[in-house]
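The block underneath contains the structure these notes are about, expressed in structure tokens.
Chain identifiers are assigned alphabetically (A, B, ...) following the order of the sequence lines, protein sequences preceding nucleic acid strands; residue numbering begins at 1 within each chain.
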Protein chains: 2
Amino acid sequence: MSTVENPADKTGAPAPVGPAAPATLHDVAREAGVSLATASRSLNGSTRRVADAYRDRVLAAAAKLDYSPNLSAQAVARGSTMTVGLVVSDIADPYFSSIAAGAMRVAEESGLVVTMAVTGRSPERELEIVRTLRGQRPRIILLAGSRSQGSAVRDALIGELQSFEASGGRVVMISQRDLPFATLSLDNDDGAFELATTMAGFGYRRFAVIAGTANVRTSLDRVDGFRRGLLAAGVDSETVVVETEFTRDGGYDAGRRLLERGLDDIELVFAVTDVMALGAMAAFRESGVEPGRDIAVAGFDDIPTVRDVTPALTTVRAPLVDIGERAVRLALGDDFDRASVDAVPTTVVVRASTPRR
Amino acid sequence: MSTVENPADKTGAPAPVGPAAPATLHDVAREAGVSLATASRSLNGSTRRVADAYRDRVLAAAAKLDYSPNLSAQAVARGSTMTVGLVVSDIADPYFSSIAAGAMRVAEESGLVVTMAVTGRSPERELEIVRTLRGQRPRIILLAGSRSQGSAVRDALIGELQSFEASGGRVVMISQRDLPFATLSLDNDDGAFELATTMAGFGYRRFAVIAGTANVRTSLDRVDGFRRGLLAAGVDSETVVVETEFTRDGGYDAGRRLLERGLDDIELVFAVTDVMALGAMAAFRESGVEPGRDIAVAGFDDIPTVRDVTPALTTVRAPLVDIGERAVRLALGDDFDRASVDAVPTTVVVRASTPRR
DNA sequence: TAGAGTCTGGATAGCGCTTTCCCAGTCGCT
DNA sequence: AGCGACTGGGAAAGCGCTATCCAGACTCTA
């Protein structure tokens with residue numbers, strides 16, 4: 001904002017007009033012929049009343065000068081901001097964008113500004129992001145899709161977040177329930193359990209699971225829940241597990257690996273996320289194995305698109321938007337408890353990809 | 001950040017320990033036994049050198065106190081920020097989340113912090129968002145999916161953005177090319193044109209178009225381009241146009257309306273966005289009209305999921321992530337031209353939803 | 001050995017805003 | 001008339017930080 005200011009320029013040549021600095025509150029006050037204090041009080045709801053005559057003059061001056069209060073300056077003066085930091089793994093992933101949509105909705109509703117960052121699933125990047133986020137002094141930091149099992153980076157992240165909390169910030173983790181912060185998690189275990197029993201009830205007996213990499217809690221919980229469900233349903237056959245990336249292409253890749261291995265002894269493939277299931281279905285179909293007919297497929301999350309694919313995907317519905325909303329409401333609550341662990345219930349949604357046998 | 005500070009409390013009762021204010025640079029300087037200036041110089045790359053002995057002491061003190069620079073204060077002192085404001089219609093929509101992903105990637109690459117806001121497709125909301133965004137004094141404001149044809153709100157929006165530019169900010173519009181700002185648009189017209197001629201080449205002669213509401217430029221361009229293409233290909237039959245919301249459900253609704261009207265004289269339905277096409281396909285299928293067999297369907301954008309639906313959707317590929325990246329690169333460029341209008345080329349992608357006749 | 005440069009710390013004046021604190025004016029009472 | 005209790009404007013002290021300016025300590029050259 002370096003303004004070229006050269007009142008002594010008498011050359012007649014047009015002064016190189018740099019960007020004019022935006023009007024300050026001072027400018028408004030001068031224009032209105034009132035003090036700084038009065039201008040400030042008029043333009044934001046302070047506790048103090050301002051006589052209408054004065055206020056109108058200030059408002060008019062502000063409009064005339066196109067005044068826009070400098071939020072950074074306000075933050076400094078007030079010692080607090082109206083910001084919430086949202087960090088997700090990948091905003092193009094419907095899982096995260098749905099959560100983000102919910103979070104942003106209630107944040108904006110509450111007059112909060114959302115600053116968002118993407119980790120690309122890198123713990124180092126996540127740490128770095130939280131560091132700079134902390135510099136913003138947000139009211140809330142929301143972490144969705146965090147991951148980092150017992151590493152130095154993880155400890156640093158925890159430390160960073162704890163410092164943040166120590167200075168009055170609030171952090172909410174979404175679906176990473178083994179970090180020492182308020183957590184809003186899906187009922188991954190139960191959802192997968194119920195999916196398994198339901199599928200067993202449909203007559204399926206032999207399963208494969210497409211899982212995420214082992215350091216991701218969400219994946220572990222879903223796999224475990226599924227296994228428990230099978231056990232509970234009396235399924236005793238071995239379940240094949242394939243590990244892969246948490247993306248559509250990861251699922252595709254896992255699908256290919258299953259194909260190579262041979263699908264003869266597998267009746268149903270459970271992918272721990274819908275996007276992975278989608279990828280796997282694509283791989284199957286590409287090889288002439290028709291999902292829903294030759295092999296059943298189920299996912300988890302119920303992202304919007306899975307009802308529009310063919311066959312429509314059986315999955316476990318996670319109220320993603322709702323989770324985003326709840327996360328910020330939780331953080332905003334008067335009775336915020338930094339140790340609370342809420343699990344949002346999930347429900348099995350049966351669709352055409354898993355016909356009864 | 002109201003800290004309870006009561007050193008005189010001798011009651012023995014544990015002082016109600018409010019959140020401790022985060023360490024300030026002042027604290028660090030004191031801890032390190034140096035001046036504020038030296039501390040500041042050590043902790044950010046200032047032009048001035050500071051002797052290693054001093055710097056190390058400062059760094060150690062900062063680490064010990066868990067210091068995190070207050071970005072707002074820096075912004076105020078420096079008179080500039082490292083922020084970019086990104087406003088989209090709906091972050092859960094893959095169209096926008098892809099653009100956002102691209103934009104965020106290069107923003108973070110450049111050390112910029114992204115603050116994002118969602119308009120929900122409301123012009124009023126958009127205006128309000130831009131107002132508060134301006135208060136952040138971001139370096140850049142990126143508007144994706146803006147809409148507002150000739151209203152008072154539109155004028156206010158333009159005014160707001162112009163004030164922003166006047167004070168050195170940069171604004172880039174994505175795919176809303178008739179606002180007086182630098183614009184990065186898709187080659188909507190050409191893409192639709194080519195889709196039309198390709199489809200005519202496949203033997204289709206009778207078309208329906210699912211369009212967005214009339215005040216959205218992108219929709220208009222796509223419809224016009226499609227019409228021009230048909231004309232150029234010598235198609236002379238009347239094209240049915242249905243207007244609807246820019247969402248999956250809007251598409252579904254339009255599909256239903258087409259079904260009610262009767263599909264006998266229609267061979268191919270072109271929806272101006274993929275999400276709308278997806279909705280329409282769902283409606284068709286629900287009524288026993290099989291897309292790709294009983295009726296051809298084509299979309300626009302090539303969002304990730306459309307290759308995974310069945311039949312895979314013929315569409316016009318828009319390099320969405322790329323657009324997001326280019327938008328912020330454009331804004332960051334030394335040779336930024338606030339009047340530039342770039343159109344990103346699109347390519348027709350033929351898939352199973354539009355078999356040759 | 002002076003005089004002119006360089007370095008590099010420290011003091012300090014802001015940045016744009018909020019929020020005490022002070023004070024003059026007005027009101028309602030006795 | 002006299003006096004406490006409001007009201008509401010203005011001066012000014014910060015908020016946490018940067019950047020300018022100054023001063024002392026060195027290093028060079030002539």
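- Ion pair Glu128(B)/Arg131(B) not flagged as a salt bridge, since none of the NZ, NE, NH1 or NH2 atoms sits closer than 4.0 Å to an Asp/Glu carboxylate oxygen.
- Comparing dG9(C), dA11(D), dT19(C) by their closest approach to the side chain of Ser35(A) singles out dA11(D).
- Defining each end axis of the helix from dT1(C)-dA30(D) to dT30(C)-dA1(D) as the rotation carrying four pairs' C1' atoms onto the next four, with five pairs an end, the two axes are found to diverge by 40° to 10 degrees.
- Spacing between atom CZ of Arg78(B) and atom P of dG16(D) amounts to 17 Å, rounded to whole angstrom units.
- Mapping Ala73(A) and Val34(B) onto DNA chain C by nearest heavy atom places Val34(B) closer to the 5' end of the strand.
- The minimum heavy-atom distance linking Ala39(A) with Leu25(A) is given by the pair CB-CD1, 3.8 Å.
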Might you work through the side-chain contact (heavy atoms from CB on, under 4.5 Å) test for Leu143(B) and Glu126(B), ending with a clear yes or no? CA-CA 9 Å; Leu143(B) 289 263; Glu126(B) 181 176 22; 3.1 Å; yes
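- With hydrogens and angles disregarded, a donor-acceptor distance shorter than 3.5 Å links the side chain of Arg57(A) to the backbone of Ala32(A).
- Leu142(A) contributes atom CG, which lies 11.5 Å from atom CE of Met116(A) (distance to the nearest 0.5 angstrom).
- Although no hydrogens or angles enter the test, the distance criterion places no donor-acceptor pair under 3.5 Å between the side chain of Ser72(A) and the main chain of Asn70(A).
- Annotation: the span from Ile141(A) atom CD1 to Arg170(A) atom CZ amounts to 13.5 Å, rounded to 0.5 Å.
- Whole-Å rounding puts the His26(A) NE2 to dC17(C) P distance at 11 Å.
- Spacing between atom CG of Leu43(B) and atom C1' of dC17(D) amounts to 11 Å, rounded to whole angstrom units.
- Protein atom CZ of Arg48(B) is 8 Å distant from nucleotide atom P of dG9(C), rounded to whole Å.
- Taking only distance into account, the side chain of Arg137(A) never meets the base of dG16(D) through a donor-acceptor pair shorter than 3.5 Å.
- Contact between the side-chain N/O atoms of Asn44(B) and the OP1/OP2 oxygens of dT18(D) is found at a separation under 4.0 Å.
- Phosphate proximity of dC17(D) to Gln74(B): absent, as no side-chain N or O sits under 4.0 Å from OP1 or OP2.
- Summarising the geometry, the separation between CG on Leu71(A) and C1' on dC15(C) is reported as 15 Å, rounded to the nearest angstrom.
- Contacts between residues 49-66 of chain B and DNA chain C, defined by a heavy-atom separation under 4.0 Å, are made by Arg49(B), Val50(B), Ala51(B), Tyr54(B).
- Distances were taken from every side-chain heavy atom of Ala37(A) (C-beta onward) to each of dC17(D), dT19(C), dC17(C); the shortest belongs to dT19(C).
- To the nearest 0.5 angstrom, His26(B) atom NE2 is 11.0 Å from Ser35(B) atom OG.
- Without hydrogens or angle criteria, Ser110(B) side chain to Leu112(B) main chain gives no donor-acceptor distance under 3.5 Å.
- Between Asn70(B) atom CG and dG16(C) atom P the separation is 17 Å, expressed in whole Å.
- Nucleotide dG16(C) holds its C1' atom 14 Å from the CZ atom of Arg30(A), rounded to whole Å.
- Atom CG in Leu36(B) sits roughly 20 Å away from atom P in dT8(C) (whole-Å rounding).
- Tested against Leu43(B), the residues Val50(B), Thr38(B), Leu59(B) include a single side-chain contact (heavy atoms from CB on, under 4.5 Å) partner, Leu59(B).
- When distances run from any side-chain atom of Arg41(B) to the nucleotides dG10(C), dG16(D), dG16(C), the shortest one goes to dG10(C).
- Remark on DNA chain C: of its neighbouring residues Thr38(B) and Ala77(B), the 5'-side contact belongs to Thr38(B), judged by nearest-heavy-atom nucleotide.
- Applying the 4.0 Å criterion to OP1 and OP2 of dC17(C), one finds that Ser40(A) has every side-chain N and O outside that range.
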